[in-house]
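Some notes on the structure that comes next.
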Amino acid sequence: MLLLIPALPFVGFLLNAGLGRRLTKPQSGAIAVGSMVGSFAVSLGAVYSLLGQAPGSRAITRRVFNWITSGEFVADVTLRLDPLSSLMILVVSGIGLLIHIYSTAYMREERDGEFARYFSYLNLFAAFMLVLVLGANFLVMFVGWEGVGLCSYLLIGFWYTKQAAADAGKKAFIVNRVGDAGFVLGVLLLFVRFGTLDFQEVARAAAGLRPEATFGTLSLITLLLFVGATGKSAQIPLFVWLPDAMEGPTPVSALIHAATMVTAGVYLIGRNAVLFSQAPQTLAVVALVGVVTALGAATIGLVQNDIKRVLAYSTISQLGYMFLAMGVGAYGAGIFHLYTHAFFKALLFLGAGAVIHALAGEQDLRRMGGLRKDLPLTYWTFLVGALAIAGVPGLAGFFSKDEILSRTYSGGHLFLWVVGLLTSLLTAIYMFRLVFLAFHGERRPARLAATPPHGGQDERAFHHRLGVPFPMALVLVVLAIGSVLAGYIGLPKALGGSSLQRFLEPSFAAADTATTVAIVPGAPRAAPGDIGAGRDLTDNSQLRATRAEDGPARELGLMGVSTAVALGGVGLAVFFFLKNPRAASRVAERFAGVRTVLLNKYYVDEIYDRAIVQPMRLVADRGLWKGVDARLIDGAVDGLGETLPRLGELVRRVQTGSVRAYAASLFLGVVLVLSYFWWR
Amino acid sequence: MTQFYLFGTVAVAASLLVIAQRNPIYSVLLLIVSFGALSGLYVLLDAPFVAVAQIIVYAGAIMVLFLFVVMLLNAPQEETERDARAHLGRGSDPMRFGALLALALVAELAWALTRGWESGRFGRGAVSSVAALGRSLFTDYAFQFEVTSVLILVAMVGAVVLARREDRPREPMESGETQPEDRVAPGEE
Amino acid sequence: MMAEFSSMAALAPMVCVTAAAIAAMTAEAFRTPGELMPIGPLGFVGLLGAAAAAFLLWDRHETSFSVVVADNFGLFITWVLILVGVLSLAMSAEAVERGRLPAGEYYALMLFAIAGMILMAMASDLLVIFLALEVLSLALYVLTGIGRDSPTSTEAAFKYFLLGAFSSAFFLYGIAFTYGMTGSTRLDRIGSVAAALATTPTPMQWVAVGLLLVGFAFKVSAVPFHMWTPDAYEGAPSAVTGFMSAGVKAAAFAAFARVFLVALAPFRAEWIGVLLVMAVATMTVGTIVALVQTSVKRMLAYSSIAHGGYLLVALASANDVGAGALLFYLLTYGVTNLGAFGVVGLLEREGRPSRQVRDYAGLWSEHPSLAALMTIFLLSLGGFPPFGGFIAKWYVFTAAIKAGYVWLAIVGVLTSVVSVVFYLRIVVMMYMTPAAAPVRLRPIPPMTGAALVASAAIVFYLGILPARVLGWAADSIRTMF
Amino acid sequence: MPTLSHYLMLSAVLFGIGTAGVFLRRNVIMILLSIEIMLNAVNLTFVAFGRALGSGDGQIIVFFVMTVAAAEAAVGLAIVIALYRHRESLNPDTFTMLKW
Amino acid sequence: MPFPILTSLVALPIAGAILLLLVRSDEGRDRLVRNIALVVSILVFAETLLLWSRFDPTSADFQFVERHAWIPSFGIAYAVGVDGISLMLLVLTGLLTPLALLSAWESIHRKTRTFCVFVLLLESAMMGVFVSLDLFLFYVFWDAMLIPMYFLIGIWGHERRIYAAVKFMLYTMAGSVLMLLAILGLAILHLSVRGSYSFDLVALYGMPIPGHLQFWFFLAFALAFAIKVPLFPFHTWLPDAHVEAPTAGSVILAGVLLKMGTYGLVRFAFPLFPAAATFFAPYLATLAVVGIIYGALVAMVQPDLKKLVAYSSVSHLGFVVLGIAAMNMQGVQGAIYQMLNHGVSTSGLFLIVGMLSDRRHTRLIAEFGGLKTVAPRLVAAFLMVTLSSIGLPGLNGFVGEFLILLGAFVWKPQMAVLAATGMVLSATYMLWMFQRVNYGTVSEKNVSLSDLSRREWVLVAPIVALTVLMGVLPNLFLRPMTPSIERLLNQVRRGAPVEVRASDWRRVDERARGWRARAAGSNMTPAARSWPRVNACRSQSRGELPAKGARRVGTDASPRDPLCARVGGGA
């Protein structure tokens, strides 16, 4: 059954890719959506059966086949469903399904072949993403990991004739590759250290270890894995690809670059929570990177003018939140935020997509405005999303973000908490700046796709366009509902306790249950030793005890603070962007320098270009190719090739043609031979 | 002793004069003198038959052949213009170079011939009888003798082939033709 | 010392050849102008007779006059020489006819030369070696200059002759000292006396050894005694060049080996140094000068100098492998070189320039089979498997390594890599460069063609199934040491 | 009485003169003559050695050498004549069509 | 006598070539000639598949061995056999030759017959190299292979073909002649130790070789192979040869010829001279890593497609050498697997580049652009091979690369770390190239380019299928190798029980000198004695995987033998 979950979209991919040109749009759309429906349904069934198992030992494992065997190294293709991955597959297949549906309308203008190609990529993405989350070991996960990267590459560059799109796709892939190299190294080190790549085995072995006090092997492993995560999840220093990735079709941005793929890094850490827990050094790094990314991206988001880019930075920022959660050990909170974020960020993107769709591709906020009336459905759903992300109480974002902040606080990371709050404030500001700029105020020069009602054809197209097509509308509404309700499965304890947390808990602890089977034949068991599992359990229970001590009062207090911050942010946005646009520009003038820096995204792209890309190309071109290769090596070789003939030329001259010279040579030989004996 | 030095001096002096002459006719004649002196030395070495053969074969036959050719070609004087290309190495004329080498060779030979072994006087039992030589020549050296006949045959044929006048019109032959411009100067390729 | 008339069997091969030579000469003498007379086939008969004689003599170790030894070593070389002779005769037919060379004299001289070579290979007496050397040299001087119409041919003959005479004076001087030192010119006696003398070296021995070395070095065109080689090879008619390059080397090396590896073996410590230096110089000079040649024949001449260097390596190794390698190398090299010169000769007769390497451009399109044959020979000379040249080189280097001269082997292999450059240059021309102007070629005369194909077949045979011939070579040297 | 060494030295000197002659003269006939001097020097050596060894072999070898010398002279002069026909010159340095 | 399948593998192409020579070479008969050649090569391929099916994957020994005396006086035999290491390379050769022939279907018009003859001869020589169990025989094939390749490049190549052909020839020869000397040295050593010459690989495997000789012999072998691979400073012949060669030549060159170098390392250099190999492995690996990065960087800035792919080969083969140098199961297996991968995917790249240059008569990247619009199927295939070359999991490249990295990591982590940058760089240059060629707007010049023809489908389909198959079911290919590699590893370990340090060489040499003095005749095992230090740090210093059951869980500071501390570097 598990195999079906990724296999169905894969079949969809094969059909669309193989038959692509021969399918009509409805056909290929149907194939794609149908496969996703199937996948989602199977996922639901799987999760249902998982829920039926005993809470402590929920897992379904399916070993598909033996993939690579090389000496001691054995890698199986094994899928495993446990609470964490069950949540993930629901998100992936669910949101994925919605976005497939949305896309059938959004991409309608493409040619038949292109349409099929789009859906084949999208299906392939879903398949790989599902493999990623279902994979029971690092290698299978890596297959998905790289696979989604590939799909991301393909989809960003979907409009390949556009230079920017092709560039962005390439950039995404390459930046991700940097992370992946770290990931692979981490996996290698992990294998050397533990002799297995199975998540459970690793967790079990890691659980038996004492947390590393200093930077040791585990820290290194986790840090390397985290490098992989920063690549995929667009964290500092590898976040640069994500804003550019907005060159892709908007549903793609919603699915891949907001809801699912980019969260893979968070999932990776959640998946290896036990391992990371043993490496507090790394966790500190994770938290720090997360919070800095969150803040940095939020500040950039404040000044961006491209609607999708704002959302992209917002995504980076929210991912930073999730990493903050992971870093402070609040894995459940992080995953919870991942889950809620998927809804509202998908919603926001799709909403933005609807706007762009309506504006015939216009993405510049400065040329929008007043769309509220033209696109009411879009506006309202978008507003829900904005409220959710801003952390307004009652909506999904509030619960998850609050959970993270409160965990941060209760973990004693006051500084991180403050920065988190600040980010939360900024989030509210830039989101509502976006909302106000796009939907409120005056109509700006950007014309709606409406204006040119020249011929009947165009006229119809215009109306058709302005009214959000049904599939898109449906999806927006569903997501809006989700954005409101999704948070309620993870209510904070103060408000009734987190069922989600409890559900996920086993995935973050060393699963040590009877139901799990050893995936790797002959793989070593956790070593029985003095530092056994028992001690660890005690540690965990102590941890839980401390958490329990946090009274509901403090939790409520923190909740209040974050609510205040969120609302404050909204208020500021109202002040600056709705009521007093001039004040906003005044502030902008006042801090022109800062604004420039922010507008240019801290010049990170430029720095990378100057510091890495250009020097590398220069070194490769002038230094290595034309220098070392052509001049040095070939020069030496050719030099030798020229020296010998030159020498030959020289010796040849002795052969003057004069017979007396020849005789002299002969005679010289005689004399030399004799003098050899003389001197000998 | 004096005879040795006499003949020796004459031989050396005549030989030196041979190579000092520009006119080959004089050289040939001087060489005959040198050969005469040598045959004197052969007599001193109890080899009268060789001495006689030396006069008859060398002076009488070979040198006459030389003279004949010199006359035939009618080019007694040596050409004196120097060929700039005929240099061995940088700036050193093969002439001077060769002469120096000859000196070096003589020095080396002198060294070799005076070191390491004692040369006593000649012993008694010299083989000087023509009969003994003849017997040896046609028994022990019979095969070599036959080989020389082949050698002379080859030389004869060869001389005829090479020196024979043309009996047919000349025509250029590709196989042997190397025009100066046909040759690629070294360094061109 | 009584002459041993008891057996003249050892003389049989060379007698056959000489008889053929004299027959050829006589035939020419009685030929009326314009009459066609199968003089070439006379030579074949003689050579085949010699081959048969050599076959019958195999393993019998006959000695005649106590100066001619028909041991297996000599017989192997004899076979090589006969093979060279047969191929040369076959390739000459066309050249003789077309160049209107005096056929009778040409064949007679060639056969005399072969007789001289065979004698040189079998001689066990320095005087006989000298006489044989003179017989073959005189014949070759004349053959070189036989294209009397050509100034280059005559010039080549002149240079060859002058230097040859010059060097034979040195050689003779060496014989004189050897004679004075040991009291004999017979190799076996020299050997036994030398063993005694070697304990107390005197400068005179060195002079004797040195001068003998010079004499042989000249004939095998070792550097710095090589300078006649390119000029003589270039000037001589191609068929003669092929014959010369293959035959002289074989005969001279045979005598070289006999004198130095057997008779003068006790003095090894003295001559080995010179030989090694000479081998290195020969390989390198031959190779690098060949690199810059533009004339095909001249390039092949330098290449054959370089090959002389490899043969010197085999000689210097002075072990059983070395001697075997020498024999095998002589065989392969001889056949291959003959083949190459045969192709060169065939092209000369066409109405196209053929001296320069660049004249070979496009030969492949004009005459694929000729180009293929040439390629086979060139690749074999370059030492590529699966051609005989590879096995030969391999054998030589085995000898060198076994003797401990690894550095010599390294020089050898490196020069043979460099040598590939100039062999390939011709290949490049033939195959990869279009012809300046297409020329219709006449068909290859059947005799020459057969000889070339036979050469190529032998080259292949020696490269692919060398075991038998290697075995013979090994057997040949067993009687020597 | 002169010893063997005397004769050998004398022959060495003659040999040297012969070799020098090869280089000093620019006339091919003279060069041939120089080579004859060399051969004669060798002959002297043979005879002297033969005398010292008390055997007739030295003298017999000289006969062979003389024959060789004659044969060489014959062929050599024939070549010179052939060459002269082409070049009208006896200067060896002018015969440089073949070189390098 | 069983059917001599290996001999027939070598002989069949030659027979085909001879058959072709018998066909009259009219221009009109091109089709016939091509078809004969193709049929012959397909037969050979079928035979390799048959071989694979008959191959016993559980055995480490050489199988299908044939042995006939060839030059008995020197112990040279015609000995052929196949084991897990060479099996797959034979199949690869068998596969690529028909593809190469097919690729030339429309691009080679001149002298078709000769072309086919050379390709077939080349195939025969390649087969010969992989099946030889006799060093002499191996060398013969090794060198003989140069000739047809030389002609293929020189006659049917592009503008600077002659330069490239000669460079190829000379480079390769220069390296291999020294190997010839080393081979001779081995045989003579065998003579002095065992009393007879032998070039037999199996016999030489069992012969102890004194340390200082190993040192030089290994250098000679390694040089030959390094040039062939080509390893970093010896690689400059490759771009030229590739650029100038016709597509078929490039395919075979990249697909098979380069593997000969790495195959040689695995088959000869390491097992014959284990101690020297262990000593040199880090240096070899360093060159390999330099090559990985260097090749990738240089590939990045190439304006010419073929050159780019050529430099990428340098980079990829760096991985292979790294895996071999690691000398553990994962490394070697990965290396061999990567050889196959590279053979498949780089050949694919060359085929596709060939198709492009057939269409446009240029290989400059700048001349292309937007091909996806006009030739989507071609581009799809292009994408597949590109991704395979990048090493995307699920495709073949990944499996090899990962195993190599694993092996290298276990051995020397720093090497693996550096090599991992190659992963990033390979994506950079390949994708950049891919983008410039296929994305963007289609230019005037490329508008009329056609998509894949039926023949090209036939070319591309097996390549693409293999990239997927080999990525998904690598065990199919890995399993037959395993026993042979195990044997190889054991052999190397037996020969070099400890890691060899530079300072040890002196001692080794001293001992060897003593050994040589005593050697004549006495029946001893010098290698075992001459190795200076045998201690238990092997598993650490050679970077073995922690043994099962005895894993050091929970102790971060692994108990290190101080003696090994200098050498180590394992995790």
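Residue numbering restarts at 1 for every chain, and letters A, B, ... go by the order of the sequence lines.
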For the side chain of B/Ser129 and the backbone of B/Ala132, is there at least one donor-acceptor N/O pair under 3.5 Å apart?
yes

Can you list the steps and then say if B/Tyr42 with B/Val52 is a side-chain contact (heavy atoms from CB on, under 4.5 Å)?
CA-CA 9 Å; B/Tyr42 293 148; B/Val52 172; over 6 Å; no

Is chain D contacted by the side chain of B/Gln54, its backbone, both, or neither, given a heavy-atom distance below 4.5 Å?
both

Please look at B/Met63 and chain D and tell me whether the side chain, the backbone, both or neither of the residue comes under 4.5 angstrom of a heavy atom of that chain.
side chain

Residue part contacting chain D, namely of B/Val28, when any heavy atom lies under 4.5 Å:
both

Output the option from B/Val106, B/Leu103, B/Leu38 having the highest count of non-hydrogen pairs under 4.5 Å with chain D.
B/Leu38

Donor-acceptor check, side chain of B/Ser149 to backbone of B/Glu146, threshold 3.5 angstrom: yes or no?
yes

By a 4.5 Å heavy-atom criterion (distance strictly below it), what part of B/Leu65 contacts chain D: side chain, backbone, both, or neither?
both

Select, from D/Leu10, D/Leu77, D/Ile81, the one with the greatest count of heavy-atom pairs under 4.5 Å involving chain B.
D/Leu77

Part of B/Ile62 lying under 4.5 Å from any heavy atom of chain D
side chain

Under 4.5 Å from a heavy atom of chain D, the part of B/Leu31 involved
side chain

Ranked by heavy-atom pairs below 4.5 Å to chain B, first place among D/Leu14, D/Leu33, D/Val75 goes to D/Leu33

Among B/Ala61, B/Ala20, B/Ala104, B/Gly134, the residue with the most heavy-atom pairs under 4.5 Å to chain D is B/Ala20

Below 4.5 Å from any heavy atom of chain B, which atoms of D/Tyr7 appear? Answer side chain, backbone, both or neither.
both

Heavy-atom pairs under 4.5 Å with chain B, option from D/Val62, D/Leu83, D/Val47, D/Val68 with the top count:
D/Val47

When you look at CZ of B/Phe145, are more than 12 heavy atoms from neighbouring residues, nucleotides or ligands closer to it than 6.0 Å?
no

Would you call the rings of D/Phe64 and B/Tyr141 parallel, tilted or perpendicular if under 30° counts as parallel and over 60° as perpendicular?
tilted

With no hydrogens and no angle check, is any side-chain donor or acceptor of D/Thr45 less than 3.5 Å from a backbone partner on D/Ala41?
yes

Kindly compute the distance separating CZ (D/Phe46) from CG (D/Asn40), expressed to the nearest 0.5 Å.
12.5 Å

Which class fits the ring pair B/Phe35 and B/Tyr58: parallel under 30°, tilted 30 to 60°, perpendicular over 60°?
tilted

Pick whichever of D/Leu32, D/Thr19, D/Ile60, D/Thr67 has the most heavy-atom pairs under 4.5 Å with chain B.
D/Ile60

Quick one: CE on D/Met30 to CD on D/Glu36, what's the gap to the nearest 0.5 Å?
13.5 Å

Trace of the side-chain contact (heavy atoms from CB on, under 4.5 Å) decision for D/Leu4 with D/Leu8:
CA-CA 6 Å; D/Leu4 176 57; D/Leu8 294 184; 3.9 Å; yes

Heavy-atom distance under 4.5 Å to chain D: side chain of B/Leu45, backbone, both or neither?
both

Engaged part of B/Tyr5 at the chain D interface, taking heavy atoms whose separation is under 4.5 Å
side chain

For the candidates D/Ala48, D/Ala82, D/Ser34, which exhibits the highest count of non-hydrogen atom pairs separated by less than 4.5 Å from chain B?
D/Ala48

